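What you see below is based on every heavy atom in this structure, not just the backbone, and it leaves out hydrogens, waters and symmetry mates. These numbers come from a predicted model, not from an experiment.
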Amino acid sequence: MAELAQRFAGESRGPGASADEARLRAPFARVPTIPPALVPSFECRRSVCRAELRWEVHLGASYNAALMRAVGRPAASFGIEEAGEPDADGYRPVTVYIGLAPPSE
C-alpha cells in the first residue's frame, strides 16, 4: 500500500485518467445497496488511482464486490489504508489505491 501511495503522490495525471476514473467508479454506481452519496470519488494518475470512500460494516460485502469488479483482474495491485474514525453518521473514511496495468505495446 505504501508503494502505491508514494507512486500516486509523485505522478501527474495520465492521458487516460478520466476514462480510468469512470471505469473504476461504474461498478460502485451499479450496486443498489451503496447509496449515491457513498459512491467513492476516484482520482487517477499515470500508474495508480486513489479512491476516497466512506465505509460501514453493513456495506462491506457491497464495497468488496464493487471493488473486485472495478479492479477487474486478480493480478491488479491495490492497497487499503486503515479506516479513520467514524463520522457523525457512523461511516469511516477509507482510502484505497489501485495500480493500473501498463499500456499494452
How long is the straight-line distance from CE of M1 back to CD of E82, given to the nearest 0.5 Å? 10.0 Å
Taking R23 for its side chain and A70 for its backbone only, find out whether a donor-acceptor pair lies under 3.5 Å. yes
Results of salt bridge (charged side-chain N to carboxylate O under 4.0 Å, His left out) for R45 - residues two or more places apart only: E43
So R50 and C44, do their side chains get closer than 4.5 Å, heavy atoms only? no
Would E56 and R54 pass as an ion pair if we require N to O under 4.0 Å? no
Do L100 and F8 share a hydrophobic cluster (ILVMFWY, side-chain heavy atoms under 4.5 Å, transitive)? no
Looking only at heavy atoms, which two atoms of V39 and A29 are closest? And how far apart? CG2-CA, 4.1 Å
My understanding is that only residues two or more places apart in sequence, or in another chain, count here; which of them pass salt bridge (charged side-chain N to carboxylate O under 4.0 Å, His left out) with R25? none
L53 CG to R92 CZ distance, which is reported to the nearest 0.5 Å: 13.0 Å
Atom CD of E81: over 12 foreign heavy atoms under 6.0 Å: yes
Side-chain (R7) to main-chain (S47) donor-acceptor, under 3.5 angstrom: yes
Minimum heavy-atom distance between R30 and P32, given as atom pair plus value: O-CD, 3.3 Å
side-chain contact (heavy atoms from CB on, under 4.5 Å) evaluation trace for F78 with M68: CA-CA 10 Å; F78 68 93; M68 292 302 108; 3.6 Å; yes
Return the minimal non-hydrogen interatomic distance between A66 and P27, and the atom names on each side. O-CB, 3.6 Å
Shortest non-hydrogen contact from A83 toward V94: CB-CG2, 3.7 Å
To the nearest 0.5 Å, what is the distance between CD1 (I98) and CG (D20)? 10.0 Å
If you compare all heavy atoms of G79 against all heavy atoms of L4, which two are closest, and at what distance to 0.1 Å? N-CD1, 3.7 Å
Y63 OH to W55 CH2 distance, which is reported to the nearest 0.5 Å: 10.5 Å
For D89 and Y91, indicate whether the former's side chain and the latter's backbone hold a donor-acceptor pair under 3.5 Å. no
Minimum heavy-atom distance between F28 and L24, given as atom pair plus value: CD1-O, 3.4 Å
